[in-house]
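To start, the structure itself, in structure tokens.
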Amino acid sequence: MCGIVGYVGKQDATPIIIDGLGRLEYRGYDSAGIAVVADGCVHLRRDVGKLANLRAKVQADPISGSIGIGHTRWATHGAPAERNAHPHISMDGEFVVVHNGIVENYLELKHDLIAEGVEFQSDTDTEVIVQLIERFACNGARGSLTEATRKAVSYLRGAHAIVVMSRAKPDELVAVRIGNAGGVALGLGDGENFIASDIPAILEHTRRMIFLESRQMATITADAIHVQTIDGQAVQEDIHNIQYDPISAAKGEFKHFMLKEIFEQARSLTDTIGGRVDFERGEVLLADLNLTGEKARALNQIVTIACGTSYYSGLVGKFFIEQMARLNVEVDYGSEYRYRDPIIDAQTAVLAITQSGETVDTLTAMEEARSKQATLWSIVNNMGSQAMRISDGFITMNAGLEICVASTKAFTTSIVDQYLLALHLGNLRGTLTSEQSRQYAFDLGRLPDLVGRALETEAKIKELAALLYHYTNFLYLGRGINYPIALEGALKLKEISYIHAEGYPAGEMKHGPIALIDDQMPVLCIALKDALYDKMISQIEQAKARGGIVIAIATEGDTFIASKADHVLYVPETPPLLSPVVAVIPLQLLAYHIAVLRGADVDQPRNLAKSVTVE
Ligand code: AGP
């Protein structure tokens, strides 16, 4: 989850690096630092807390130079403290390192280095990297920062993203990527080059980027970038032109990125659907999936792997694919899947859903699937991300940059991507009549408008939040395709307001959890006018009978439910398969407004990060 920014070129590195780190704030951190080389010296500034603290320190005691590296840290080894903040400097002061990942064997390496007389300044695992580089530079690799770095990283176990700088070579940086500890993007400028762990940090300077793959390293100067494997094999650089609009990454008139991104969903869904559906014929075009009819017909199962909100999206997509394509779908957590020795083969498609494309639990599960010859697909938002690059085919969410740690528009667009996939598979496998295909496509075409109408209820939701924000326990209940929405609604509340909330299949309440319900327990019931409506009305009555405070998510025009629930949030009538996309909107807004009333740090909740690149 750490953020890395590097620069070498003709400008002052300091503002470029600090502003770049500011664009990575959403990744979560507890300390930050910057180092530049000037006049043969390394100049270092570090501080704990928000980036504003580092910015103030640099303003009070300025540093500048034409080469530098910076870092925002999310502590794994070593408490959040200035001495543990990156960059870390080698004992003789020549080498400087920033790092994302975990050196799994750092204790044995540290022990050996101490035995050689190295004096450590921090409690971090990262410091062993810079001390190793110094050891190899002294043992003949001096003069080549790349060679000293190559030798040092060969001793590391774990996943890493590393950037190295040297006082003796103030014109070059070395970057390394091993495993899935977050990306390394190399930005190509004119007489200057950039390094970042994520695109937003350097997008204002360049749209031309190279993404390091695992076990690759690069030597970066102001005029050139040379990529090779860590074994020394030259690599042909693959330059991507990034289309993101950096302006869209600004909050605009919204108080938080989360509210902005909630309200962007009608547009982002339009972008997700746009250009992919022939509404006349009910056909879908997913060019990047690389799926033939023969391959589609040969499949015997799909396994969806994801984490957090993306996992809940997969639970919704299961309904689409099983209904339209008549294919069995298993959905599993990335962090669990890798330990299951799954029964999959070449007739299995493993679908990874990941907004960041860098979630290590999901990436590791993908590698497990690859080892068993499964076809790898991914649904991703982050262009050029690792998940996208290792897949046989992918479907982009087209949600635009999602900055808030709490995922909203990526969730709804990933659900729609699975709807598109299901319709495509159904057409290729012949499990849909042309009439059915046209109807599914028609229903999808209405969705952005239905979401836009659901967003119009914000004022009522804000009023309701004022009645609920002081409660400390919530239950979210749903059935069928909206059970995953109960899970997602609970997660949104948990992760941004720090209130305990539990999503539950409504039918399970009578098997125990109903004992929890009393007059201190708000119970959110997703009770849309669908085949399960009567069951949900019964559920509402059971909760009311125990004094629960019931908030119903209901279909516009349903006046009966108002006689049953304490509060009703209405959404427009929606085709049942697509109702989860609309039902989640009030739950997103309710979580947001409760969090704001509780004074929570909505866009950067405590302990969380946007991209979880550690296990
Ligand atoms: C969702 O609000 C959370 N930020 C978290 O659960 C997230 O969905 C999860 O970490 C997966 O992230 P990914 O989609 O980038 O893989």
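Both counts, for ligands and for their atoms, begin at 1 and track the order of listing. As the structure is a prediction and not an experimental result, all values here were calculated from the model.
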> Is a salt bridge present between Glu358 and Arg177, judged by a nitrogen-to-oxygen distance below 4.0 Å?
Replying inline: yes

Could you go through ligand 1 and list every pair where one of its N or O atoms sits under 3.5 Å from a protein N or O, giving the atom names and the distance to one decimal?
from     : atom 1 : to     : atom 2 : distance (Å)
ligand 1 : 2 (O)  : Thr309 : OG1    : 3.3
ligand 1 : 2 (O)  : Ser407 : N      : 2.8
ligand 1 : 2 (O)  : Lys492 : NZ     : 2.9
ligand 1 : 2 (O)  : Glu495 : OE1    : 3.3
ligand 1 : 2 (O)  : Glu495 : OE2    : 2.4
ligand 1 : 4 (N)  : Val405 : O      : 2.7
ligand 1 : 6 (O)  : Thr309 : N      : 3.2
ligand 1 : 8 (O)  : Thr309 : N      : 3.2
ligand 1 : 14 (O) : Ser310 : OG     : 2.6
ligand 1 : 14 (O) : Gln355 : N      : 2.8
ligand 1 : 15 (O) : Gln355 : N      : 3.4
ligand 1 : 15 (O) : Ser356 : N      : 2.8
ligand 1 : 15 (O) : Ser356 : OG     : 2.7
ligand 1 : 15 (O) : Thr359 : OG1    : 3.4
ligand 1 : 16 (O) : Thr354 : OG1    : 2.7
ligand 1 : 16 (O) : Thr359 : OG1    : 2.5

> Is Arg340 salt-bridged to Glu330, going by a charged N under 4.0 Å from an acidic O?
Replying inline: yes

Per-pair distances, 0.1 Å, donor-acceptor, side chain in residues 469-479, under 3.5 Å, sequence neighbours excluded:
from   : atom 1 : to     : atom 2 : distance (Å)
Asn473 : OD1    : His500 : ND1    : 3.1

> Can you name the residues that form a salt bridge (charged side-chain N to carboxylate O under 4.0 Å, His left out) with Lys494, not counting sequence neighbours?
Replying inline: none

Report all side-chain donor-acceptor pairs from residues 410-418 shorter than 3.5 Å, counting only partners two or more places apart or in another chain.
from   : atom 1 : to     : atom 2 : distance (Å)
Thr412 : OG1    : Gln265 : OE1    : 2.9
Thr412 : OG1    : Lys409 : O      : 3.3
Thr413 : OG1    : Lys409 : O      : 2.7
Thr413 : OG1    : Ala410 : O      : 3.1
Ser414 : OG     : Ser313 : OG     : 2.7
Ser414 : OG     : Ala410 : O      : 3.1
Ser414 : OG     : Phe411 : O      : 2.7
Asp417 : OD1    : Arg276 : NH1    : 3.1
Asp417 : OD2    : Met397 : N      : 3.4
Gln418 : NE2    : Ser313 : O      : 3.0
Gln418 : NE2    : Ser313 : OG     : 2.9
Gln418 : NE2    : Ser414 : O      : 3.2

> Do we see a donor-acceptor contact under 3.5 Å between the side chains of Glu261 and His256?
Replying inline: no

